[in-house]
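Working notes, beginning with the structure itself.
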Amino acid sequence: METDTSLKTRRLRMLPLVVFMFMPVSLHSKPSRDVGSPPGIATQISGYRDVAQKIIDLAVQGKAQNRSYDRLSAFTDTVGNRLSGSQNLDLAIKYMYNALIQDGLENVHLEPAKIPHWVRGQESAVMVLPRNHTVAILGLGSSVGTPSQGIEAEVLVVESFEELRGRAGEAKGKIVVYNQRFVSYGQTVAYRADGASEAAKVGAVASLIRSVTPFSINSPHTGWQWYQPGVQQIPTACITIEDAEMMARMARRGQKIVLRLHMGAQTLPDVDSFNTVAELVGSKHPEQVVLLSGHLDSWDVGQGAMDDGGGVAISWEALSLLRDLGLRPKRTIRMVLWTAEEAGGVGASQYFQQHKGNISNFDLVMESDLGTFAPLGLQFTGSKQARAVMQEVMKLLAPINTTALEEHGEGTDIDMWIQSGVPGASLHVADGKYFWFHHTEGDTMSVQSPEEMNLCAALWAVVAYVVADLDDMLPR
């Protein structure tokens, strides 16, 4: 997942499970007119009520029921996880390219990108003092390895960067263990991103970071980290909440802690990769684009089913639903499956550079990368006028109770478009458990629900189709 400005800067929303009921919408209700709506837009959008219901019916209870789940399970069970630069990611791209062609989608093609190739290698951590204990670790992306003989050193446990700086005189030659508390992903992930460099500045020989999660069953969570320029690069890995807290307790009791760390991590030269593209070409303005997306790469643990296989599957499913219903909007709906998102949105950044010359033709950019759990609606960033239009569009999803339009549309792969003024939306789901499984061996198909994916796909397809078929592009 992640650039510094978009380290999945998500707000952890501890939301209750949502019970969805299929509620009939009165055909005689009058469309509301929000302040700031373009003239006539409410009436125009209310005219899509029947087609929205057809999309919902097909996805949720029709022949396409559970199709996105079945596709995702076949993909992840066949390919497995898909780390940037790996052979598995190459296989995933080939798999998806062939599947999209076989599905009969239009303009299926690959667009080249150069991506990082970091290799984890063999890794282990063992507590030598005050007792023998195997510490579960996952090296962090872009970390250097240890010397071949490993590193054996005393541990300094700190709760924050401030404590580390205050105890800088104790850190030289030690392994710094961060036992920071989870506040939110956006705030706490700074320890994963910068922990190694901050520890190196005070003379540490390695750093171990408490996994960035509110919940653990002794499960380490990996992720990308960045070395600061001009600072010594030291090995760094994540550890479990349980081990971080145990070492903190030992330290408070005044016990000397010694760890032996081995990491075979290395960064190899960048490799060739591709963003994977498929379209439903517009009937009237094919040059204008509504973009749907998820990222095809994952971490090298688990199956990458949740992060972000689900986003890939519902984006594909949205195109298939519209194709099955014979719906062709005025504008093109383009699906892009990004490569190397986890390494910092690398594939998406290169796509932006290749296509920003046509930025005026991008109507809306959408990304699903917070899981495909029970959907609530969308998060959206755009002008007040565009928000007013989107509020009307979301009303079409009343039959599945997914009408929320929250602030702050986001996503590593679409942030550069949003920052350049293109309206952007991200799927808003009941993601209270997302960071339980995030970047762990637990990210498997067992996390996914076919019923919830049906609803996500329906939402995704309705929004994409209606926005792409309106008379005018979203106001900027």
Side-chain angles (χ1 to χ4, degrees), residues 1-9 79-94 96 110-123 137-146 189-190 192-197 200 207 209 212 221-238 263-276 293-302 304 307-309 311-312 336-354 367 369 411-416 438-439 443:
M1 288 179 174
E2 314 157 65
T3 63
D4 186 49
T5 57
S6 54
L7 277 159
K8 293 259 167 85
T9 46
V79 177
N81 54 53
R82 309 166 295 280
L83 186 64
S84 174
S86 68
Q87 183 179 5
N88 267 24
L89 179 56
D90 286 344
L91 292 173
I93 292 169
K94 292 174 183 176
M96 196 58 63
L110 303 176
E111 299 195 14
K114 280 280 189 183
I115 64 172
H117 187 193
W118 176 79
V119 179
R120 178 179 303 283
Q122 296 296 312
E123 56 188 18
I137 67 167
L138 281 175
L140 296 177
S142 82
S143 176
V144 297
T146 62
V189 76
R192 193 191 76 205
D194 296 319
S197 289
S207 67
I209 291 90
V212 184
H221 295 235
T222 190
W224 206 260
Q225 67 91 40
W226 283 266
Y227 289 119
Q228 297 171 15
V231 178
Q232 178 70 30
Q233 297 184 359
I234 61 174
T236 184
C238 61
M263 291 177 61
Q266 57 180 318
T267 298
L268 302 176
D270 288 356
V271 300
D272 293 325
S273 188
F274 301 93
N275 294 310
T276 307
S293 68
H295 66 84
L296 202 52
D297 67 304
S298 73
W299 278 101
D300 56 340
V301 289
D307 183 15
D308 181 34
V312 166
V336 184
L337 308 180
W338 311 109
T339 189
E341 186 273 348
E342 298 292 1
V346 178
S349 178
Q350 292 175 48
Y351 181 90
F352 177 74
Q353 293 302 321
Q354 294 158 3
E367 180 170 19
D369 191 17
T412 298
D413 300 304
I414 62 171
D415 278 346
M416 63 285 287
H438 180 247
H439 296 184
D443 182 356

>> Please determine whether side-chain contact (heavy atoms from CB on, under 4.5 Å) holds for the pair T412 and H295, giving the CA-CA distance in whole Å, both sets of side-chain angles, and the decisive distance to 0.1 Å.
In response: CA-CA 10 Å; T412 298; H295 66 84; over 6 Å; no
Is there side-chain contact between [X] and [Y], with heavy atoms separated by less than 4.5 Å?
| X | Y | answer |
| --- | --- | --- |
| N81 | N88 | yes |
| V271 | I115 | yes |
| W224 | P116 | yes |
| V346 | S84 | no |
| K114 | D272 | yes |

> For T236 and S207, does a side-chain donor sit closer than 3.5 Å to a side-chain acceptor?
Replying inline: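 Present: a donor and an acceptor within the cut-off.
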> What's the verdict on side-chain contact (heavy atoms from CB on, under 4.5 Å) for L89 and S273, showing C-alpha distance, side-chain angles and the deciding distance?
Replying inline: CA-CA 8 Å; L89 179 56; S273 188; 4.3 Å; yes
> Run the side-chain contact (heavy atoms from CB on, under 4.5 Å) check on L138 and E123 step by step: do they pass?
Replying inline: CA-CA 8 Å; L138 281 175; E123 56 188 18; 3.8 Å; yes
> Can you name the ring pair (Phe, Tyr, Trp, His ring centres under 6.0 Å) partners of F352, sequence neighbours left out?
Replying inline: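 Residues passing ring pair (Phe, Tyr, Trp, His ring centres under 6.0 Å) with F352: W417.
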> With V231, which residues qualify under side-chain contact (heavy atoms from CB on, under 4.5 Å), at least two apart?
Replying inline: S197, A200, K201, Q228
>> Would you call the rings of W299 and W118 parallel, tilted or perpendicular, taking 30° and 60° as the class edges?
In response: perpendicular
